[in-house]
Engineer: 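Once you've had a glance at the structure underneath, I'll fire off some questions.
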Amino acid sequence: MENAIEIRDLTKSFHSVLTGEDVIAVDHLTLDIHRGEIFGFLGPNGAGKTTTIKMLLGLIFPTSGTASILGYPPGDIEVKRKISYLPESPYFYEHLSGYEVLDFYATLFGIPAAERKKKVDELLDLVGLSDNKHKRLRHYSKGMLQRIGLAQALINDPDLLFLDEPTSGLDPIAHLDIRDMILRLRDEGRTVFLSSHQLSDVEMVCDRVSILDRGKLMRVGSLKEMLAGKSVEIRAERVRDDIFEKVKAHSSDAFTVDGAIRVRVEQSFVNETVQMIMQTGGEITAVIPGKRTLEDIFIETVREGTVS
Amino acid sequence: MSVTARRSLLAMLVPLLALVVWLQVQLDPMRQRYQPGKVTNIEIGTQFVAATLIGLKEVVAGLLWVRADEFFHSGNYAAVIPIVRIVTWLDPHQIDVYDTGAWHLSYNFTDSQERSDRRYIPPAQALYREGIANNPDIYDLYFAQGWMNFHKVLDFKKAIEAFTEANKRPAVDPSTGKKRMRPQFVGHTLAHAYRKDGQIDRAIEQWRQNIKDNERYVRESGDPGEQVMVDVARNNLNQLLREKEERSRLKPVKDAKFEAQWQFLGPRKFRVFGTLDLPTGARVRLVLRDKDFKEQEFQKFSWDIDTNQTILIDDLYVRDGRFSRTIDIERDVSIYPLKAEQYVMTFTFNPLTAPDFVQDVIGFKGEGLADQKYLVVRNGVRMLEKSFLIKRNQLL
Amino acid sequence: MTAWVIARNTFGEAIRKKILNVFLILALGSVLISLTFTFLEFRQQVVILKSFGLGMVQFWGLFIAIIMGISLIPADIEQRTIYTILSKPVKRYEYVLGRFLGGAITLAVNVALMGAAFLLVFLLKVNTRALESLASLDFGPFWTSWVWSGEVPGLIGGIAMVYMKLLLLLAVAVCFSTFATVTVNFFLSSAVFIAGSISSVTEAMSKSPNTPIVLRWLYAAVHYVVPNFGNYDVQNPIIHPEVPAADLSLYMWKAVFYGLAYTIILLVVGVLVFERKEV
Ligand SMILES: Nc1ncnc2c1ncn2[C@@H]1O[C@H](COP(=O)(O)OP(=O)(O)O)[C@@H](O)[C@H]1O
Ligand SMILES: [Mg+2]
């Protein structure tokens, strides 16, 4: 099977006792996640990301719609052997030490004692907690807890990982660690469902992304495609006027002062433009990737959603 | 969980509930045997009531009894009795509470001259009866009831009855919880009671039985130190045989010249005096009571006595052939309300209750008494008795 | 098996919580208090010690059972530790059973410790004389006068009855915790405990001709359907060994079966509710 997750018309509404209104947290979501990809599940706070993940794990139940995870229904005991979950700001039994908590989770997978010890030590090593493994989690920092969270999500060599905002609230160094870890997971052929509102992480690691806003899927596609066709700003000096005119024809935004130009061209036209300028004696002073980033897309999408 | 699994679990609930109800039906009739305590609506504080409801009756009983002890030490005897009532309701197997409660009733409500309020004797008897009904298998409360009748009421027939029951039953060792033979003093006291009642032959028989019982006690306890009680019983038997022998030869030769009189000293204050030519240490019993006084009867224990009744009992000590005492009940209006119109004042010398050295002179039952005046023979006992009929205004 | 792993972890969690030690100390303290009533007759002292021992094991055990019962599952939900557990290969019913079992073990250990402390105090009390000879360094009389009270088995039976009562209460609280909030559950479980404890009253009322017929049914319903905690109040014959108590052990076995059957009912209901619970 090609798809790790297939979501069809998945809807979840919560009834608010306070306001008496129904909140639609996830609204007819249809989405496929391919095997082996790192999928970025984006959306602002309150978009419905966590709600979606909890439905996929069988922790809460959809109001309507279906989902299939590795071919199983959510919450199926068999699929739970193959997947793992790192919740948003995870909490663990604080009375346990790092070692004990991982040992506990490993036992839940039925891993035999001898293997368990090896596995737990390996994981502690991997996430860099070997020195603190006998400390109670009560005395762990937030970053250390996040690493325990990652370790517990790896304990069963999962085919599919759900990571809910894995970098939120972490310092930049920890960010990098987590990013490296995710990249490694992809290299090992695992599928990662990564929810985030932290675009910088997603941008560097994800194959495909979707954008969710107020429960609705706004966009989905490969990251390359989404960023493709975007403009690049080129700055150059001593550009001949005829060349400027030529370039201007392809440009959305161009102007010149004494042979120094600044133009904005489509990405597909960058090479051609640069060559033309250089071959005619011009000097490129800067090629600046267009300001359109994932962030632009994100903001644009969310804003469009708001307007419409 | 599959729908089928859910359905089967739901279906399982039905037979399980049926099983539970069935077991409850089985348990109910048995349960009452093990839960003798009653929940009461008497004021004991909400937290205590709540505790009794959730299976802590015995704890509440214990706490209340500890509190009762404080009242006792502060002299507040009246507060002790209601607690006795509640405690024995909560836990009807609190033997010592019955005993202590009845003892309070019969001894501790006293007037300003230390005479006890006799109107509390019937409640004490009722409390003993209730305690015995609830704890009929061990000697303790029979003995305690007997002792009150023996020592306080001087009703030896009743005492013999109770001691006889006590003497059939075992004791329980508080350290091991196991039954064991009752202490030897039970049989001894029964023999003394027979003797006091003038049943000398029964007393002799009982001493013989006591010797056997005590020997068995020594064997069973394996404690040679207990041998001393065998010896005590032997001595008592021998002494009684000797006394019987000596006193059987007595003839009515001793005229005790019994005379008694009373004199008004002021409201609720009078002097009683008289002569009795017997050795110092003899006693004359004074009873002042309503003319139509009838002892109250209690079917169930209650301390709700008839406060209109008056009964005063005192023992007048004879010294050098005379007795005299000033009875001052001015401050004891609640005990002696004097509400009746007429009263009977009786002076009695009863040989049965006389000490040994007096009986040496007059015999067990007054066989040696030669008095003509005031002699009455009751149940074969030759007593001396003089009564006055008094009007209320003669005392006030 | 998985339930057992969760149970073990639950137990580990409980014993590392200081709060249970506090109850243990309170229980021991309240038993020791009864030793100070030396102004009473010796027999009365022993009776009060036994009453207090069994009563206090129950009293403090009630707190342990209710506090654990109402919080075992909600604490996991509140602290979100349940996410990482239920997303592992753990069936929901295994989780509920595991939490309950862990609580039951914790309760058993606590009751056993409180009970053992009480029995120790009791043995020392009934051996006051032997101990006095020990204090005077006279070991001979110590050995000969020490008694192994024949009441110990009865008292252990009494402690077992207390445990069954507390176990049933734990099951009630765990069952309710699958749908009620902690605060609501505290009052709910307490109310059920009281309603189920006054079984002698409910039984009498349901049979009394003075009760209106509708109320009679109501009392009968309370008596037969609400878990009957009053069934376990058999301390009186245990406190008073001189009182004949026919068929007491038969009764106790039936009461144990009753408790186990009811516990299963409560767990089934709890599991059915929890299966559908959003965490
Ligand atoms: N248990 C719940 N009860 C009521 N509303 C909820 C509940 N869980 C989430 N929501 C609401 O659903 C929406 C989506 O929440 P969530 O999935 O947590 O968003 P995200 O993870 O994307 O930040 C929010 O409006 C949130 O308030
Ligand atoms: Mg979220």
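Letters A, B, ... mirror the listed sequences (proteins, then strands); counts begin at 1.
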Engineer: Heavy atoms only, distances under 4.5 angstrom: which of C:Ile265, C:Val162, C:Val271 has the most pairs with chain B? Name it, please.
Structural biologist: C:Ile265
Engineer: Using non-hydrogen atoms and a 4.5 Å limit, figure out which bit of C:Leu62 sits close to chain B: side chain, backbone, both or neither.
Structural biologist: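 For C:Leu62, side-chain heavy atoms alone lie under 4.5 Å from chain B.
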Engineer: Of the backbone (N, CA, C, O) and the side chain (C-beta and beyond), which part of C:Ile239 lies under 4.5 Å from a heavy atom of chain B, both, or neither?
Structural biologist: side chain
Engineer: Find the one option among C:Gln44, C:Gln45, C:Glu151 whose heavy-atom pairs under 4.5 Å with chain B are most numerous.
Structural biologist: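 Winner by heavy-atom pair count: C:Gln44.
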Engineer: What I want to find out is whether C:Asp233 reaches B:Lys57 closely enough, with some N-O distance under 4.0 Å, to be called a salt bridge.
Structural biologist: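 No, C:Asp233 and B:Lys57 are not salt-bridged.
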Engineer: What part of B:Leu19 lies closer than 4.5 angstrom to a heavy atom of chain C: side chain, backbone, both or neither?
Structural biologist: side chain
Engineer: Which bit of B:Arg31 comes within less than 4.5 Å of chain C, counting heavy atoms only: side chain, backbone, both or neither?
Structural biologist: both
Engineer: Tell me, do C:Asp247 and B:Tyr34 make a side-chain contact under 4.5 Å, heavy atoms counted?
Structural biologist: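 A side-chain contact exists here, since the closest heavy-atom pair is under 4.5 Å.
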Engineer: Could you state the interatomic distance from CD1 (C:Ile264) to CE (B:Met12), rounded to the nearest 0.5 Å?
Structural biologist: 6.5 Å
Engineer: Evaluate the side-chain proximity of B:Asp137 to C:Glu242: yes if any heavy-atom separation is below 4.5 Å, no if none is.
Structural biologist: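 SC-SC contact between C:Glu242 and B:Asp137 ruled out.
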Engineer: Using non-hydrogen atoms and a 4.5 Å limit, figure out which bit of B:Asp96 sits close to chain C: side chain, backbone, both or neither.
Structural biologist: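 Both backbone and side chain.
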Engineer: With a 4.5 angstrom heavy-atom cut-off, which part of C:Phe42 approaches chain B: side chain, backbone, both or neither?
Structural biologist: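 Contact with chain B: side chain only.
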Engineer: Side chain, backbone, both or neither: which part of B:Val60 has an atom under 4.5 Å from a heavy atom of chain C?
Structural biologist: neither
Engineer: Side chain, backbone, both or neither: which part of C:Phe37 has an atom under 4.5 Å from a heavy atom of chain B?
Structural biologist: side chain
Engineer: C:Glu203 versus chain B, heavy atoms under 4.5 Å apart: side chain, backbone, both or neither?
Structural biologist: side chain
Engineer: At a heavy-atom separation under 4.5 Å, does B:Gln26 approach chain C through its side chain, its backbone, both, or neither?
Structural biologist: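 Side chain only.
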Engineer: Hey, could you give me the CG/CD distance between C:Asn231 and B:Gln35, rounded to the nearest 0.5 Å?
Structural biologist: 7.5 Å
Engineer: Which answer fits C:Ile198, side chain, backbone, both or neither, if we ask what part of it has an atom under 4.5 Å from a heavy atom of chain B?
Structural biologist: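 Both the backbone and the side chain of C:Ile198 come within 4.5 Å of chain B.
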Engineer: Given heavy-atom pairs under 4.5 angstrom as the criterion, report whether the side chain, backbone, both or neither of C:Lys125 touches chain B.
Structural biologist: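 Looking at C:Lys125, nothing touches chain B.
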Engineer: If you apply the rule side chain to side chain contact (heavy atoms under 4.5 Å, CB included), what do you find for C:His223 with B:Asp28, and how did you get there?
Structural biologist: CA-CA 10 Å; C:His223 184 65; B:Asp28 278 333; 2.7 Å; yes
Engineer: Begin from the C-alpha positions of C:Val126 and B:Thr176 and carry the test side chain to side chain contact (heavy atoms under 4.5 Å, CB included) through to its verdict.
Structural biologist: CA-CA 8 Å; C:Val126 298; B:Thr176 63; over 6 Å; no
Engineer: Given side chains that start at C-beta, do those of B:Ile54 and C:Phe193 come closer than 4.5 Å, heavy atoms only?
Structural biologist: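 Yes, side chains in contact.
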